[in-house]
Amino acid sequence: MKKRGIVAGIIAALIVLDQLVKAYVVHNIALGEIKSWIPNLVSLTYLQNRGAAFSMLQDQQWFFAVITLVVMAGAIWYLHKHIEDSLWIVFGLVLIIAGGLGNFIDRIGQGFVVDMFHLDFVNFAIFNVADSYLTVGVVVLLLAMLKEEMNGN
């Protein structure tokens with residue numbers, strides 16, 4: 001039971017960090033404005049994403065809410081069933097859950113997701129902290145599952 005509490009606390013802390021960064025951006029950067037953060041590497045901007053990744057399926061908030069709830073329910077169930085398994089599987093699931101819920105909070109509360117990180121060195125979609133959690137979480141989870149599969153577990 002103690003492990004579940006620690007995991008829940010980590011998820012909550014990651015969501016709070018995501019929401020704090022988004023609040024900072026909304027209150028300190030005008031919509032569409034770009035401010036250099038780490039020169040030639042990352043700039044901060046304020047973008048309202050009303051779609052999914054790369055702004056696909058604009059203004060389909062109820063669709064995203066339902067999909068997010070289904071995916072989060074599945075991820076939470078899987079985490080519950082596998083909380084004693086590999087630390088990497090738990091870590092991947094924690095990041096996926098925190099990222100999904102972080103963006104879900106935006107969609108439900110505002111009707112859009114706040115994005116802010118603009119990579120200066122490549123033409124790439126503007127993203128946020130929760131998107132980073134999701135991306136890293138999926139990669140970690142896939143690698144952990146592949147490793148287990150290769151080891152015959």
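- Rounding to the nearest 0.5 Å places CE of Met72 at 10.0 Å from CZ of Phe104.
- Residues Ala144 and Trp88 approach most closely at CB-CB, 3.8 Å, considering heavy atoms.
- Neither Leu20 nor Leu14 shares a network with the other; the hydrophobic side chains, linked directly or stepwise wherever heavy atoms of I, L, V, M, F, W or Y lie under 4.5 Å apart, form separate groups for each.
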Please test Leu79 against Ile11 for side-chain contact (heavy atoms from CB on, under 4.5 Å), starting from the C-alpha separation and ending with a verdict.
-> CA-CA 12 Å; Leu79 176 61; Ile11 291 170; 4.2 Å; yes
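- One finds the NZ atom of Lys22 at 6.5 Å from the CE atom of Met116 (value rounded to the nearest 0.5 Å).
- Linking ILVMFWY residues whenever their side-chain heavy atoms come closer than 4.5 Å, directly or via other members, places Val136 and Val138 in the same cluster.
- Annotation: the span from Glu33 atom CD to Asn28 atom CG amounts to 10.0 Å, rounded to 0.5 Å.
- At a threshold of 4.5 Å between side-chain heavy atoms, the hydrophobic network of Ile, Leu, Val, Met, Phe, Trp and Tyr places Ile83 and Met145 in one connected group.
- To the nearest 0.5 Å, atom CD1 of residue Ile76 and atom CD1 of residue Ile96 are 11.5 Å apart.
- Nearest heavy-atom pair across Ile29 and Lys35 is CG1-CD, 4.0 Å.
- The hydrophobic cluster containing Val140 also contains Ile6, counting ILVMFWY residues as joined when their side-chain heavy atoms lie under 4.5 angstrom apart, directly or transitively.
- Between Ala75 and Ile97 the shortest heavy-atom distance is CB-CG1, 3.7 Å.
- Across all their heavy atoms, Gln19 and Ile105 have their closest contact at OE1-CG2, 3.5 Å.
- In the hydrophobic clustering of ILVMFWY residues, with side-chain heavy atoms under 4.5 Å counting as a link, Ile38 and Leu119 come out together.
- A pairwise comparison of heavy atoms in Ser36 and Ser43 identifies CA-OG, 3.9 Å as the closest pair.
- Under the 4.5 Å side-chain criterion, counting only non-hydrogen atoms from C-beta, Leu17 is in contact with Tyr133.
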Just do the side-chain contact (heavy atoms from CB on, under 4.5 Å) check on Phe127 and Thr135 with the steps written out, would you?
-> CA-CA 11 Å; Phe127 59 96; Thr135 302; over 6 Å; no
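- With no hydrogens or angles considered, no side-chain donor-acceptor pair links Asp120 and Asn40 at under 3.5 Å.
- Applying side-chain contact (heavy atoms from CB on, under 4.5 Å) to Asn49 and the options Asn103, Asp106, Asp115, Asn128 leaves one that passes, Asp115.
- Here the rule is side-chain contact (heavy atoms from CB on, under 4.5 Å) with Ile126, and of Asp131, Ile34, Thr45 only Thr45 fits it.
- Within 6.0 Å of atom NE2 in His80, 12 or fewer heavy atoms from other residues, nucleotides or ligands are found, so the atom counts as exposed in its surroundings.
- Separation of atoms CD (Gln48) and CG (Leu31) is listed at 5.0 Å; rounding is to 0.5 Å.
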Would you check, one step at a time, whether the test side-chain contact (heavy atoms from CB on, under 4.5 Å) holds for Val90 with Asp85?
-> CA-CA 7 Å; Val90 171; Asp85 289 357; 5.6 Å; no
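- The nearest pair of heavy atoms linking Glu148 to Ser86 is OE2-CB, 3.4 Å.
- The side-chain heavy atoms of Leu47 and Phe112, taken from C-beta on, include no pair separated by under 4.5 Å.
- Taken to the nearest 0.5 Å, the CD1 atom of Ile10 stands 9.0 Å off from the CZ atom of Phe91.
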In sequence, state the C-alpha distance, the side-chain angles, and the governing distance for Lys147 and Leu143, and then conclude on side-chain contact (heavy atoms from CB on, under 4.5 Å).
-> CA-CA 6 Å; Lys147 181 180 179 286; Leu143 290 173; over 6 Å; no
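- Looking only at distances, no side-chain donor or acceptor of Tyr46 sits under 3.5 Å from a matching main-chain atom of Val114.
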